Amino acid sequence: MKISIREGNYAKLGVQQQKEWTTFTFCSEKEDSCSIVLVSTQDTMIKEKIEVPAEYCLGSLRSVAIKDLEVENYVYYFEINGKKVLDPCAHGIMGRQVWNDRSRIENNYEVYDAFAEEEFDWGRDCAPEIDRSEMVMYKLHVRGFTMDSGTKSVPGTFRALVNRIPYLKKLGITTVELMPVYEFEEMELPIPSKLPEYIQWESKKEDVIRPEEKHKEAGKRVNYWGYGPGNYFAVKASYASQPRHASREYKTFIKRLHENGMECVMEMYFPDDFNQNLILDALRYWVREFHVDGFHLLGQNLPITAIVQDNMLSRTKIFYTDFQEKACKTGRKYKNLFIYREEYQYPARKLLNHLNGNMRDFVDQQRKQGAYFGYVNFIASNNGFTLADLFMYNDKHNEENGEDNLDGSEWNFSNNYGTEGPTRKKYITGLRKLKWRNSMIMLFMAQGVPMVWSGDEMGNSQNGNNNAYCQDNPVGWLNWKNEKTHRQEIEFLQKLIAFRKEHPIVANAMPFQFSDYQSLGCPDLSYHGENAWVLEPDARRLCLGMLYCGKYSPDPEKTEDVYVAYNFLSAVSPLALPKLSADRRWFLVVDSSDDKNPFLVEPLICEQRKFNINPQSICILIGKEVALEGKNKKKKVKRQNE
């Protein structure tokens, strides 16, 4: 092959194609010996090495342009000082097209950089830009969510995920969070291990200590979740039904989400030593080329201030453990920053499972909101027990991970309620269902953004494994057969999400003031105990009413008052119902202690000034206007336990 080259332009790392020239730009010092190695896609044994002259250097960048390169016939890599180096900005990776393909062992896990795919027709695609007060998040693993999907599409792929968009939309989800979908090595690579040359080992029969094996058995475990070093500009090819068109399939999924008014958030993990400039470039790339709506960033020492202040990312949702408030205020009009950490789940779990819960901590989490950033709340996620397992297991059961059950968190705050694991005992199963309903009500009556871990709406279990990072099997997959057997739970969550949407005062985008600062007759948020208006939350008091004044609702058409009654005690407890204006009455609409109809078929008018709430249950009442034609026609219904 006759090669014509010239100096590149250094403007952008990676590969850029412009007319007849293909430019390669990468990091390397002037003193390094550098080459571009082109590998035939038909036969990887056929290679063409193109040396990059030392003078094609600017700072620590090398750049060379190759004329008339037929990129469809090649993959590539860089060779620096005799060592193979993959392009960190490659738009594709060849060699991992098949998930956990053990035949790769014979080829020494060879992978190559691939060139960008053809253009994609986005049409009139537009980002939904859902306000944080309306967001409902759902976190999933592309493979785990679809491997047992029962759909006609190829399981474990974006195409199968597209077929599940109607399910997520019907549920009420607005924002889908994906665990890593960029390229990563899922196979456990062999780790060489040998003794130093100066040690001569002579084995004897009586030896207790033996020399280490040359390497660990390859492919024994799978990096199922994908946390670790990755290729941050390439879509994971094995998540596509047609690996050569992985980018197109992922873009199609995002486009379909947008057509349904839903958002896509990518989870991105960066190791500590990763180039911070490339982090910014990667985020811009996914927003620009894939129309991604947000990023959940994982890792330490990330350039978070630079990300927050980046103009291209100013309307992209950024989820992180913390932000500097000064950086958040800089010319910010669109509220796109969210604090995402585990601080909600622990107070909630303690109260749910009677493990020394603190009511004051819980109440603080329920009304948690920031002026410049929002909060994401969750009780279960991929890291820890599923919501079903939280009420089925006292202890973690990670033996199948191959680490002697030493991995995974010991701080689960779970409770099996009498039997470790599944049981047919009706009392225990009934109690577990009650706890599940309580957890969902708590989560969706909290002010911050609720996040549901995939399968929690249908009782998905991991058999007590709280760290299924390597479980690429039914343990780590969502069992879609549960969709039929848990129809009641799914419908309950649908109604709960709809209720939150119909009562925007609960998810107010601004912090509550606990005062009637607009003189509307009631504080925006208030607490109540056996007596109205006088309660200061006490850490030891496990029964409390929270009243959200509907007149402070951001939507003038949706002004019903919302009173959430929490009782974490094992006895019936009375709570005061504050007096409403003359034209309003209290209606009971949700009672978690009702196993058959927790969302009441007909709301019940509550005329009493005291409301008795059943043990270990949560109730929701609404205060709304009623047409009264006279005292004798007023409907009075008393609850059985009053």
Side-chain angles (χ1 to χ4, degrees), residues 133 363 366-367 441 444-447 495-510 512-535 543-567 573-594 597-614 617-642:
S133 63
V363 168
Q366 290 300 97
R367 52 99 181 152
I441 295 175
F444 281 87
M445 290 300 101
Q447 192 176 359
K495 292 177 181 179
L496 195 56
I497 293 174
F499 180 89
R500 180 182 175 92
K501 184 177 181 179
E502 288 298 315
H503 298 84
I505 183 60
V506 174
N508 201 334
M510 295 301 293
F512 287 110
Q513 302 299 312
F514 296 92
S515 66
D516 188 12
Y517 54 90
Q518 293 184 13
S519 300
L520 299 178
C522 179
D524 55 358
L525 176 61
S526 54
Y527 301 134
H528 307 270
E530 290 189 40
N531 297 302
W533 309 110
V534 296
L535 178 70
C543 189
L544 171 75
M546 297 180 67
L547 169 58
Y548 301 84
C549 178
K551 294 179 180 179
Y552 279 93
S553 170
D555 187 341
E557 300 297 322
K558 300 175 180 178
T559 61
E560 292 180 346
D561 299 309
V562 178
Y563 184 96
V564 187
Y566 298 96
N567 183 19
S573 299
L575 285 174
L577 289 178
K579 185 177 180 180
L580 297 173
S581 57
D583 59 344
R584 289 198 172 198
R585 294 292 183 273
W586 284 117
F587 289 81
L588 176 67
V589 293
V590 178
D591 184 351
S592 71
S593 66
D594 189 333
N597 295 296
F599 264 90
L600 277 65
V601 177
E602 290 289 337
L604 299 181
I605 295 179
C606 297
E607 296 287 357
Q608 305 297 323
R609 297 296 299 274
K610 289 287 180 70
F611 175 80
N612 291 325
I613 180 171
N614 287 329
S617 62
I618 304 174
C619 292
I620 303 177
L621 299 92
I622 57 173
K624 64 177 182 178
E625 296 179 1
V626 293
L628 300 177
E629 300 178 5
K631 186 175 181 180
N632 294 332
K633 293 186 178 182
K634 189 188 302 180
K635 182 180 180 181
K636 295 183 179 181
V637 181
K638 293 185 179 181
R639 297 181 70 233
Q640 185 176 359
N641 67 341
E642 289 182 341

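Every value quoted in this text rests on a predicted model; they were computed, and no experiment measured them.
Under the side-chain contact (heavy atoms from CB on, under 4.5 Å) criterion, Pro578 pairs with His528, Ala532, Trp533, Leu547, Tyr563, Trp586, sequence neighbours left out. For the side-chain contact (heavy atoms from CB on, under 4.5 Å) test, no residue two or more places apart in sequence or in another chain qualifies with Ala498. Take Lys558 and apply the salt bridge (Lys or Arg N to Asp or Glu O under 4.0 Å) test, not counting sequence neighbours, and it matches Glu502. Not a single ring pair (Phe, Tyr, Trp, His ring centres under 6.0 Å) links Phe587 to another residue, sequence neighbours left out. With sequence neighbours left out, the salt bridge (Lys or Arg N to Asp or Glu O under 4.0 Å) criterion links Asp561 to Arg584. With sequence neighbours excluded, no residue forms a ring pair (Phe, Tyr, Trp, His ring centres under 6.0 Å) with Phe444.
Side-chain atoms of Gln447 come within 3.5 Å of backbone N or O of Met510 as a donor-acceptor pair. Not one N or O on the side chain of Asn567 forms a donor-acceptor pair closer than 3.5 Å with the backbone of Ser617.
Atom-to-atom distance recorded for Met546:CE and Leu525:CG is 4.5 Å, nearest 0.5 angstrom. The line from CG of Leu520 to OG of Ser553 is 11.0 Å long, rounded to the nearest 0.5 Å. The structure places OH of Tyr566 at 10.0 Å from CD1 of Ile613, a figure rounded to the nearest 0.5 Å. In this structure, the separation between CD on Glu560 and CD on Glu625 is 9.5 Å, given to the nearest 0.5 Å. Here Thr559 contributes atom OG1 and His503 contributes atom NE2; the two are 9.0 Å apart, rounded to the nearest 0.5 Å.
When side chains are defined from C-beta on, Tyr548 does not count as touching Asn508, because their heavy atoms never get closer than 4.5 Å.
Of the candidates Val506, Leu588, Val590, Val590 is the only one forming a side chain to side chain contact (heavy atoms under 4.5 Å, CB included) with Ile620. When each of Ser593, Ser573, Ser592 is tested with Asn614 by the rule side-chain hydrogen bond (donor to acceptor under 3.5 Å, both in side chains), just one qualifies, namely Ser593.
For Phe512 and Tyr552, the gap between ring centers reaches or exceeds 6.0 Å.
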